[in-house]
Protein chains: 2
Amino acid sequence: MYERYLHHFNEKVPLTQEEWELIQNYLTLKKLRKRQYLLQEGDVCKLVAFVEKGALRLYNVSENGTEHIVLFAVEGQFMTDLYSTFSGEPSIYNIDAIEDSELVLITRTASDELRKLSPKYQEFAFLETSEAYIQLAKRMTSVISLSLEQRYQELITNYPNIVQRVPQHMIASYMGLTPETLSRVRKRMSNTK
Amino acid sequence: MYERYLHHFNEKVPLTQEEWELIQNYLTLKKLRKRQYLLQEGDVCKLVAFVEKGALRLYNVSENGTEHIVLFAVEGQFMTDLYSTFSGEPSIYNIDAIEDSELVLITRTASDELRKLSPKYQEFAFLETSEAYIQLAKRMTSVISLSLEQRYQELITNYPNIVQRVPQHMIASYMGLTPETLSRVRKRMSNTK
DNA sequence: TAATACCGTTGACTTTGGTCAACGGTTTTC
DNA sequence: GAAAACCGTTGACCAAAGTCAACGGTATTA
């Protein structure tokens, strides 16, 4: 347990044994079965989750009932509704498990406390937030400037086996498309290459 | 000089006079005339800019020459190519001034140093990065789930006088649309309301 | 101040993506 | 193990956005 989290941490900010033991006190483990919720619309998000194993999605549901996936998180990535954790306002999103998953959780308040106690954790939190921003900015760039084919190609290189793991209609939702359109994009791509 | 930066800082993380003097040593001022570049494609981005006055844009140029605006920054907001500053790789973006602007600059290396020296600055950097992420996540949500009319409406509420300040074809670019389409969206909106 | 470049709008047409319905092939579930 | 739900694909049609060209108005600039 915590293997991946610790490994991930050490890669960015190397830790001594004592430092890790301090940090570990603030973490908890949680297993989530496929389709189980980590966060439901209307609740305040108080947690940040790290995916040890499995996959999560963050999505909202529009008036007509359509789901819009804003984010995926697979092994080694973090997931939270950052806005809700900061503001304390109810979330407009749902977070649930796409596969059976194992998560490392830390509450927002624990994280704040730990950031004050541990300079290494502080640095780690800063780096992770920066990286999340960078990833999102990259995606925004591709959304406004690339063709659907190029965007799908990029998705595959960013999440190499997402296609095997996640149903296609969820990928369509993540790209802001209907399932039919994504199906046709894929067909076009397999024909022309 | 630095008025808005200091004010912004104090709102998030209140500073003593001595703390501010330390931080100020790491900052520099820069004026940019309209159309002047802060960053050009191919150069490594080494700076983070805070907009005291004016407006900046970050954009890339696709093969056929079309500009795609990824971000605006107006008074009180930060602008940088975070990926390039972190990785040290050449930027794929340009940053230039939409209006005559006054900026507070800090280099990436100075910022790293200052984060180690000053817990308050460390905290400020963390909060600003988090806020930038939140803003981008919100925009991503609207891109994949709202109609053009709704997205334009949201843009106006987020940047209340952007329409007065920024040429319409740049707003179209920011939304990933052609100028003609944005013009028609605006017409539809003025007709129906 | 005249010439020029730029900007937003509009119209006609094309291309792209969405909608709706149907189908066969899986999984789930009871 | 049968029934039901789900999933990806396809076709026909429709709606939305892009393209191209033209225009008049406004800044820029010489």
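So you know, we letter chains A, B, ... as the sequences are listed, proteins then strands, and number each from 1. When reading the values below, keep in mind they use all heavy atoms of this one structure, side chains included, and skip hydrogens, waters and symmetry mates. Because the structure is a prediction, the values reported are computed rather than measured.
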Interatomic distance where [atom1] belongs to [X] and [atom2] belongs to [N] [whole Å]:
X: E67(A); N: dC7(D); atom1: CD; atom2: P; answer: 10 Å
X: K34(A); N: dT27(C); atom1: NZ; atom2: P; answer: 11 Å
X: Y152(A); N: dG8(D); atom1: OH; atom2: P; answer: 10 Å
X: M175(A); N: dG8(D); atom1: CE; atom2: C1'; answer: 16 Å
X: L148(B); N: dA15(D); atom1: CG; atom2: P; answer: 17 Å
X: H68(B); N: dG18(D); atom1: NE2; atom2: C1'; answer: 13 Å
X: E149(A); N: dT16(C); atom1: CD; atom2: C1'; answer: 11 Å
X: R186(A); N: dT10(D); atom1: CZ; atom2: P; answer: 10 Å

Between M170(A) and G176(B), who's closer to the 5' end of DNA chain D by nearest nucleotide?
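Between the two, 5'-proximity favours M170(A).
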Please classify the nucleic acid contact of L182(A) as base, sugar-phosphate, or nothing, using heavy-atom distances under 4.0 Å.
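No contact at all - L182(A) keeps every heavy atom at 4.0 Å or more from the nucleic acid.
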At under 4.0 Å between heavy atoms, what does P167(A) touch on the DNA or RNA strands: base, sugar-phosphate, or nothing?
sugar-phosphate
Is there a donor on the side chain of R184(B) or the base of dG11(C) sitting less than 3.5 Å from an acceptor on the other?
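Indeed, a donor on one side and an acceptor on the other fall under 3.5 Å apart.
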Does a distance-only test, which skips hydrogens and angles, find a donor-acceptor pair under 3.5 Å between the side chain of E180(A) and the base of dC20(C)?
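Indeed, a donor on one side and an acceptor on the other fall under 3.5 Å apart.
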Side-chain N or O of [X] closer than 4.0 Å to phosphate OP1/OP2 of [N]:
X: T178(B); N: dG18(D); answer: yes
X: T181(A); N: dG17(C); answer: no
X: K187(B); N: dT10(C); answer: yes
X: H169(A); N: dG8(D); answer: yes

Is the NZ or CZ atom of R139(A) both under 6.0 Å from the centre of the six-membered ring of Y174(A) and within 45° of that ring's axis?
yes
Do any N or O atoms from the side chain of N161(A) and from the backbone of Q164(A) form a donor-acceptor pair under 3.5 angstrom?
no
Side-chain donor-acceptor contact under 3.5 Å, Q24(B) with Y2(B):
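No - no donor-acceptor pair under 3.5 Å links their side chains.
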Is a donor from one side chain sitting under 3.5 angstrom from an acceptor on the other, for E21(B) and Q17(B)?
yes
Given dA17(D), dT10(D), dG18(C), identify the nucleotide with an atom nearest to the side chain of L177(A).
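Of all the options, the side chain of L177(A) is nearest to dG18(C).
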Mind checking whether F72(A) and Y159(A) have parallel, tilted or perpendicular rings, split at 30° and 60°?
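Taking Y159(A) first and then F72(A), their aromatic rings stand perpendicular (interplane angle over 60°).
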